[in-house]
Amino acid sequence: MESKEQSIVGASAYLLYMRKSHKMSQYELAKLCHKGQTYISDIETGRRSGNTVKTLMDIADAMNMNYEDFFSGLGKYLDDEKEGKAWMP
């Protein structure tokens, strides 16, 4: 069974991966999400564990991703991470 901390770290790594894949800076993503750059940094480093579905939806919107693709990608990322498969942006 996966711990809450592992889920947070996995989600944080996925967000970092997706941001880099979309060739966005933290500042650009933060601006599109109406958040501060530090907020995005804290999510990506796992310092902010209060990620809400609304925040994740805002991030998906900022990356022009539909929610189904974004959240299914997150699930696949977490599954692959458990199996030791690394994703590179």
Side-chain angles (χ1 to χ4, degrees):
M1 178 178 225
E2 187 175 32
S3 73
K4 183 178 178 183
E5 290 79 18
Q6 287 170 317
S7 293
I8 291 167
V9 170
S12 299
Y14 175 71
L15 295 176
L16 173 64
Y17 169 82
M18 291 306 299
R19 179 180 62 77
K20 288 187 173 189
S21 294
H22 282 79
K23 298 182 180 7
M24 299 174 85
S25 68
Q26 288 179 342
Y27 176 80
E28 291 167 325
L29 180 58
K31 189 173 180 179
L32 291 171
C33 295
H34 307 287
K35 305 284 185 195
Q37 181 271 326
T38 303
Y39 187 92
I40 299 299
S41 175
D42 287 349
I43 291 174
E44 290 181 353
T45 58
R47 287 189 301 259
R48 181 176 294 273
S49 62
N51 300 335
T52 64
V53 171
K54 168 81 170 94
T55 299
L56 295 175
M57 291 170 72
D58 289 345
I59 290 170
D61 285 339
M63 294 184 197
N64 292 317
M65 293 183 70
N66 70 49
Y67 304 136
E68 183 178 350
D69 289 345
F70 183 83
F71 287 105
S72 69
L74 174 58
K76 179 163 177 30
Y77 186 92
L78 294 173
D79 288 345
D80 285 352
E81 185 180 65
K82 280 187 228 175
E83 295 175 15
K85 298 177 186 173
W87 288 23
M88 300 303 277

ask   = Going through the checks in order, is the side chain to side chain contact (heavy atoms under 4.5 Å, CB included) test met by Tyr77 and Lys82?
value = CA-CA 9 Å; Tyr77 186 92; Lys82 280 187 228 175; over 6 Å; no
request  = Starting at CG of Leu56, measure out to OG1 of Thr52 and round the result to the nearest 0.5 Å.
outcome  = 6.5 Å
request  = Indicate the atoms forming the closest heavy-atom contact of Met24 with Leu32, along with that distance.
outcome  = CE-CD1, 3.3 Å
Would you tabulate the side-chain donor-acceptor contacts of residues 59-66 under 3.5 Å, counting partners in other chains and residues two or more places apart, or write 'none'?
unit_1, atom_1, unit_2, atom_2, d
Asp61, OD1, Tyr67, OH, 3.0
Asp61, OD2, Tyr67, OH, 3.0
Asn66, OD1, Glu68, N, 3.2
Asn66, OD1, Asp69, N, 2.7
Asn66, ND2, Asp69, OD2, 3.1

request  = Work out which heavy atom in Ala13 is nearest to a heavy atom in Glu81; give both atom names and the distance.
outcome  = CB-OE2, 4.5 Å
request  = Identify the heavy atoms of Leu15 and Glu44 that sit nearest to each other, and give their distance.
outcome  = O-OE2, 4.1 Å
note = To the nearest 0.5 Å, atom CE of Met18 lies from atom CG of Leu29 at 10.5 Å
key: Spacing of OH belonging to Tyr17 relative to NE2 belonging to His22, to within rounding of 0.5 Å   = 9.5 Å
remark   = Lys23 meets the side chain to side chain donor-acceptor pair (under 3.5 Å) criterion, sequence neighbours left out, with none
ask   = Just checking, is any N or O donor in the side chain of Thr38 or Ser41 under 3.5 Å from an acceptor N or O on the other one?
value = no
inquiry  = Quick check for you: to the nearest 0.5 Å, what is the distance between Asp42 atom CG and Arg48 atom CZ?
reply    = 5.5 Å
query = Could you give the distance from NZ (Lys76) to NZ (Lys85), rounded to the nearest 0.5 Å?
reply = 6.0 Å
task = Say whether, by atom type as modelled, one donor and one acceptor occur between the side chain of Ser12 and the main chain of Ile43 under 3.5 angstrom.
result = yes
ask   = Counting N and O atoms only, with roles assigned by atom type, does the side chain of Tyr14 sit under 3.5 Å from a partner on the main chain of Phe70, one being a donor and the other an acceptor?
value = yes
key: Value rounded to 0.5 Å, distance of OH in Tyr27 from CD1 in Ile40   = 12.5 Å
